[in-house]
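Residue numbering restarts at 1 for every chain, and letters A, B, ... go by the order of the sequence lines.
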Amino acid sequence: MSLLTVSDLTTSFQTGGGEVTAVENVSFSLEKGEILGIVGESGSGKSVTALAIMGLLPRPPARIRGGSIQFEGQDLLKLSDRSMQRLRGPGIAMVFQEPMTSLNPVFTVGEQIMETIRAHENLSQKDSFGRAVEMLEKVGIPSASSRMTDYPHQLSGGQRQRVMLAMALVCRPRLLIADEPTTALDVTIQAQILELLMDLRDEFGMAIMMITHNMGVIAETADRVLVMYAGRVVEQAPISRLFDHPLHPYTRGLLSCVPTLDQDQERLIAIPGSLPEPSRRPPGCRFSSRCLSAVPACSEAIPALETFEPGHAAACIRIRDIA
Amino acid sequence: MGAILVRRLAGAVPILLIVSLITFGMIHLIPGDPAVAIAGMSATAEQVANIRRDLGLDQPLLSQLFDWYANLLRGDLGRSLLLGQPVVQATMLRLPVTLALSAYALVLTLLIGLVSGVIAALRQNTWIDQVAMVLAMLGISLPSFYIGLLMIILFAVDLRWLPTGGYVAFTADPIGWLATSTMPAVSLALLLAGLLARITRSTMLEVLRQDYIRTARAKGLPNRTVVVKHALANALIPIVTVVGIIVSLLISGSVVVETLFSIPGIGQLLTQAVLNRDYPMVQGGLLITTALLVLVNIGVDVCYAMLDPRVRYDRT
Ligand SMILES: Nc1ncnc2c1ncn2[C@@H]1O[C@H](COP(=O)(O)OP(=O)(O)OP(=O)(O)O)[C@@H](O)[C@H]1O
Ligand code: SF4
Ligand SMILES: [Mg+2]
């Protein structure tokens, strides 16, 4: 049994202009200790997928329209609030995309880490202090015990992201969802944090969902990759296959600019045009408005995800023609 | 923290200087001869001359100003023309009454305003939210004397649960104090509680949208902890500044309510003083009340710094 199995997840948002579908029929699974990379342009539905797993989508306006999320055999969408609450932290933890605003400004760093421990374990004040300091050291915060009484505004962005990481890891989660854990940071710190995540994966055996725009980050860390476009999974592949034999035209576009870690690919310049708004997606293949290989048949139906090699699937009707 | 207090106290000095200067000038803003105006239409020339001499109005302006401040420093604000008592003494006798009433009304305001604001925010767009906000609007729109009158008719005249007015000191008889103060405090508090509820609701909604609230939930904290600890601690920061304004409004609102319920507080004292052209009393009473409000606002600033580490660490 996989650690996490997401099947046919579909979520939508109620907006002023009606209901828009943010994530559509997304399916994937994640094994114990595995690092799954999720790439895609801004707005492709990466964070919404992550928040759905955490049970943290703001409802309303969000709504889960269908599918299931199995974690260690339990369907998270059917879990009570109380059980979901107990799972967050020791079961699944998440590091958010926004390090500057994700810490509470009125509590000390130490308090924010220790309250996480207190919520899940029966530890004395002294022991939880010790555990928090140990975790801060592990994520590379110098003189950790004196940082415990600092407030978030006294820390740099990189340090805050490390604190977020320490907070997420302090209950030893089986799954860590890291949403752009390095976007806000400069290159050397980025590399350090990624290194750290890999080390911690090895040490705790936790699985990681690594969400990023950056193909370089994927290349450095992931075992397997999910490529998302306009709320759908368009390709799924082991890391080596993805870089050597990308199948989907979108993935090929992503890879056509040489990926390096220090290059932020917020704008994926290799592909002309931009991701359509959820309400303006073309009929049939969502990528057809930008695809250089598009033919009229592409607009007829949404292509299904089809397996071409074991573990390697793509959603495009022309893969055999363009390969 | 101490540094903030010192800085705020120092900042209060120029404010108090300006206020005392304005208070001094008040008497000279009376058109025509102030002594005639104070003595009234039917006064004899001799009475007018007496008043002029007593108030020092026959002296040159600069020497009047000098005397005003010299007396002020000695804690002497003159003598009430009406009561014959020193102004400071008359004020200090009435002040505890107003303060006790305001404190009672403040507690009610905070309780009603904060609780209903937080609940409305948590139940946004449900009937609970709508009912709370309609009541808040009602509280804001109804003048406190109107609410007071309604309560007198209902609870004092019809049901005879509470006296129509009067006052019993808390130290003399706590139950009696509660009986005489509850209607005045409620009629003062409803308006401000409505205001506070609306502010609390919108502040809470804003705070609940913040990323750190999502983080708190992501850590698996119980909902109660997320709302009461993480959200409220942040929402209180802007709310505290409003509390300073609320206290000022409470004290000015007490003028009306004390008259309505015949409560011998500062409001009643000053109303009588104004009606009887008892200028020294008006001057002194206003100056003391203003000084008090300045102190309250210093207290608010200190609370603000205590709640917000960003302020606390920036300025110390
Ligand atoms: N609160 C919301 N209300 C309405 N629409 C939303 C909301 N949150 C997300 N969406 C929509 O859901 C879609 C997916 O957004 P999501 O945040 O998952 O993108 P992402 O892949 O994480 O992008 P990024 O790389 O910028 O983080 C977007 O089209 C966005 O407009
Ligand atoms: S289905 Fe057609 S439009 Fe879509 S990616 Fe394949 S070729 Fe391009
Ligand atoms: Mg995102």
Heavy-atom pair with the smallest gap, counting every atom of B/A218 and A/R88:
O-CB, 3.4 Å
Structural part of B/L307 lying under 4.5 Å from a heavy atom of chain A:
backbone
Are B/T215 and A/N104 side-chain neighbours, meaning at least one heavy-atom pair lies under 4.5 Å?
no
Nearest-0.5 Å distance, OH of residue A/Y151 to CG of residue B/D308
9.5 Å
As an exercise, state the distance from CG of B/N223 to CD of A/Q85, rounded to the nearest 0.5 Å.
7.5 Å
For B/Y146, I'd like to know if atom OH has over 12 heavy atoms of other residues, nucleotides or ligands within 6.0 Å.
no
Top contributor to chain B interface from A/L87, A/L51, A/D81, A/T116 [non-hydrogen pairs under 4.5 Å]:
A/T116
Please tell me if the side chains of B/K229 and A/F107 come closer than 4.5 Å, counting only heavy atoms from C-beta onward.
yes
How would you list, in number order, the residues of residues 167-177 of chain A that have a heavy atom less than 4.5 Å from chain B?
A/M167
Do you know which of A/M94, A/E115, A/R82 has the most heavy-atom pairs under 4.5 Å to chain B?
A/E115
Locate the shortest heavy-atom distance separating A/P105 from B/P309; write the atom from each residue and the value.
O-CG, 3.1 Å
Run the numbers on A/M54 and B/R214 for side chain to side chain contact (heavy atoms under 4.5 Å, CB included), then give the verdict.
CA-CA 10 Å; A/M54 289 295 287; B/R214 191 181 56 191; over 6 Å; no
Which value, rounded to the nearest 0.5 Å, describes the distance between B/K219 atom NZ and A/I113 atom CD1?
8.5 Å
Interchain contact, A/M84 with chain B, by part (heavy-atom threshold 4.5 Å)
neither
Heavy-atom closest pair (A/A119 atom, B/G220 atom, distance to 0.1 Å) is CB-O, 4.1 Å
Contact listing (chain B partner; residues 127-134 of chain A; heavy atom under 4.5 Å):
none
